[in-house]
There are 2 protein chains.
Amino acid sequence: MLSESSLAQAFTARGYKLTRPRRAVLKVVAQAGAGLSPAQIHARAKKFHPHTGLVTVYRTLDLLAECGAVRRVHGEDGCHSYAPASAGHAHHVICGQCHAVVEFEECDLAELLKTVQRRTGYKIQEHWLELFGLCPNCR
Amino acid sequence: MLSESSLAQAFTARGYKLTRPRRAVLKVVAQAGAGLSPAQIHARAKKFHPHTGLVTVYRTLDLLAECGAVRRVHGEDGCHSYAPASAGHAHHVICGQCHAVVEFEECDLAELLKTVQRRTGYKIQEHWLELFGLCPNCR
DNA sequence: GGGCTAATTGAAAACAGTTTTCAGTGTGAT
DNA sequence: ATCACACTGAAAACTGTTTTCAATTAGCCC
């Protein structure tokens with residue numbers, strides 16, 4: 001789980017100011033257990049700071065992504081969702097029902113990557129894995 | 001490689017009519033070695049049938065996706081790209097330079113999926129893997 | 001605590017990509 | 001050749017995102 005204060009720290013460490021609307025977005029993201037769209041984040045952020053504008057949500061999400069605190073989550077239907085991210089390389093499991101997002105770290109793809117590299121001639125630099133299913137609650 | 005005639009077959013088998021604009025889109029997709037955006041497909045399709053409208057490109061891509069002949073390719077920067085798809089489950093390797101897309105089939109993820117299932121409590125139904133790197137030409 | 005400066009904000013406008021609408025057209029069956 | 005109906009394309013409508021710009025505010029300095 002991502003704490004609000006650690007987010008705030010990452011923020012100020014980069015020289016960004018900690019304003020009220022940004023705090024509101026930080027709070028929402030820190031509490032989010034699922035991938036949220038900018039619009040959803042906006043709606044929730046307004047509970048903490050009613051004047052928060054959607055524009056600022058976008059801007060803050062950009063900054064958070066830059067800090068590595070948030071990751072863009074892609075789904076079949078589009079790529080309009082952001083989820084809290086722990087440090088380092090990680091992947092997501094996404095619930096098809098409630099859109100809850102959980103991260104997992106192990107990616108034992110070394111074997112597979114080697115094989116693909118050999119067969120396709122590509123030099124593989126990055127990979128991207130996302131799992132879809134049902135979370136314990138929705139089963 | 002996807003032949004134009006097999007695409008056409010998949011099309012008529014479903015009761016769709018084979019019109020000129022659709023033929024044009026089919027031709028473009030069959031020849032595509034890389035992921036193409038709807039706009040790019042439109043531009044190329046006009047070479048085969050100058051009157052082709054962008055709207056029809058979208059509609060035809062939907063139909064092709066429904067037939068499984070085309071797959072939506074997702075990238076860091078968005079999900080606006082379509083690539084020809086062979087039958088069955090497959091994944092993509094995408095060149096970061098020229099955006100060439102190659103499919104590969106083996107996904108030896110069974111082990112990994114089991115582990116993640118055990119650790120997260122999710123029932124995993126689908127997975128989605130995309131690799132990024134440099135193609136032989138761009139290396 | 002009050003004042004200063006540059007970063008930040010939000011409303012509106014601009015923008016890009018996609019979808020809907022609708023009158024006219026072309027396809028494939030007969 | 002004729003016909004019904006699926007299909008088409010231009011324009012308009014929409015949705016989500018980005019830019020613009022004047023007003024505001026956080027954090028620093030005294």
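The model shown is predicted, which means the values in this text are computed figures rather than measured ones. All chains are named by letter (A, B, ...) in the order of the sequence lines, taking the proteins before the strands, and each is independently numbered beginning at 1.
- Per the geometry, NE2 belonging to B:His80 stands 10 Å off C1' belonging to C:dT18, to the nearest Å.
- When rounded to the nearest whole Å, the span between NE2 of A:His51 and P of D:dA26 equals 13 Å.
- The distance between atom CG of A:Leu63 and atom C1' of C:dA7, rounded to the nearest whole Å, is 12 Å.
- Salt-bridge check for A:Arg23 with A:Glu4: failed, with every basic side-chain N at 4.0 Å or more from each acidic carboxylate O.
- Nearer the 5' end of DNA chain C, as judged by each residue's closest nucleotide, is the contact made by B:Arg72, out of B:Arg23 and B:Arg72.
- Between D:dT8 and B:Arg59, no contact under 4.0 Å exists linking OP1 or OP2 to a side-chain N or O.
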Verdict with reasoning, A:Ser37 to A:Ser81, per side-chain contact (heavy atoms from CB on, under 4.5 Å): CA-CA 4 Å; A:Ser37 69; A:Ser81 176; 5.6 Å; no
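- Applying the 4.0 Å criterion to OP1 and OP2 of D:dT8, one finds that B:His49 has every side-chain N and O outside that range.
- Scored by the side-chain hydrogen bond (donor to acceptor under 3.5 Å, both in side chains) test, A:His127 finds A:His89, A:His91 as partners (sequence neighbours excluded).
- Across residues 9-18 of chain A, A:Tyr16, A:Lys17 each have a non-hydrogen atom less than 4.0 Å from an atom of DNA chain C (numbered order).
- Using a 4.0 Å heavy-atom distance criterion, A:Thr52 is classed as a sugar-phosphate-only contact.
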Evaluation steps, ring pair (Phe, Tyr, Trp, His ring centres under 6.0 Å), between B:His74 and B:Trp128: CA-CA 10 Å; B:His74 299 244; B:Trp128 210 32; 4.3 Å; yes
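- The distance from atom CG of B:Leu26 to atom C1' of D:dC7 is 15 Å, rounded to the nearest whole Å.
- The separation between A:Asp62 atom CG and D:dT18 atom C1' is 10 Å, rounded to whole Å.
- If you find the closest nucleotide of DNA chain D to B:Val55 and to B:Pro21, the one lying nearer the 5' end belongs to B:Pro21.
- Put simply, A:Arg20 has no side-chain N or O that comes within less than 4.0 Å of OP1 or OP2 on D:dT25.
- Here C:dT18 presents its C1' atom at 8 Å from CG of B:Leu54, a figure rounded to the nearest Å.
- Side-chain atoms of A:Gln40 and A:Tyr82 include no donor-acceptor pair closer than 3.5 Å.
- Contact annotation: B:Thr19 reaches the phosphate of D:dT8 (side-chain N/O to OP1 or OP2, under 4.0 Å).
- Rounded to an integer number of Å, the gap from CD1 of A:Ile41 to P of D:dG16 is 14 Å.
- Residue A:Gln125 qualifies as enclosed at atom CD: its count of foreign heavy atoms under 6.0 Å is above 12.
- Straight-line distance from the OH atom of B:Tyr58 to the C1' atom of C:dT18: 5 Å, rounded to whole Å.
- For C:dG10, the OP1/OP2 oxygens have a side-chain nitrogen or oxygen of A:Thr56 closer than 4.0 Å.
- Between B:Arg22 and D:dC7 there is a side-chain polar atom (N or O) within less than 4.0 angstrom of OP1 or OP2.
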Working for side-chain contact (heavy atoms from CB on, under 4.5 Å), residues A:Thr12 and A:Tyr16: CA-CA 5 Å; A:Thr12 49; A:Tyr16 300 136; over 6 Å; no
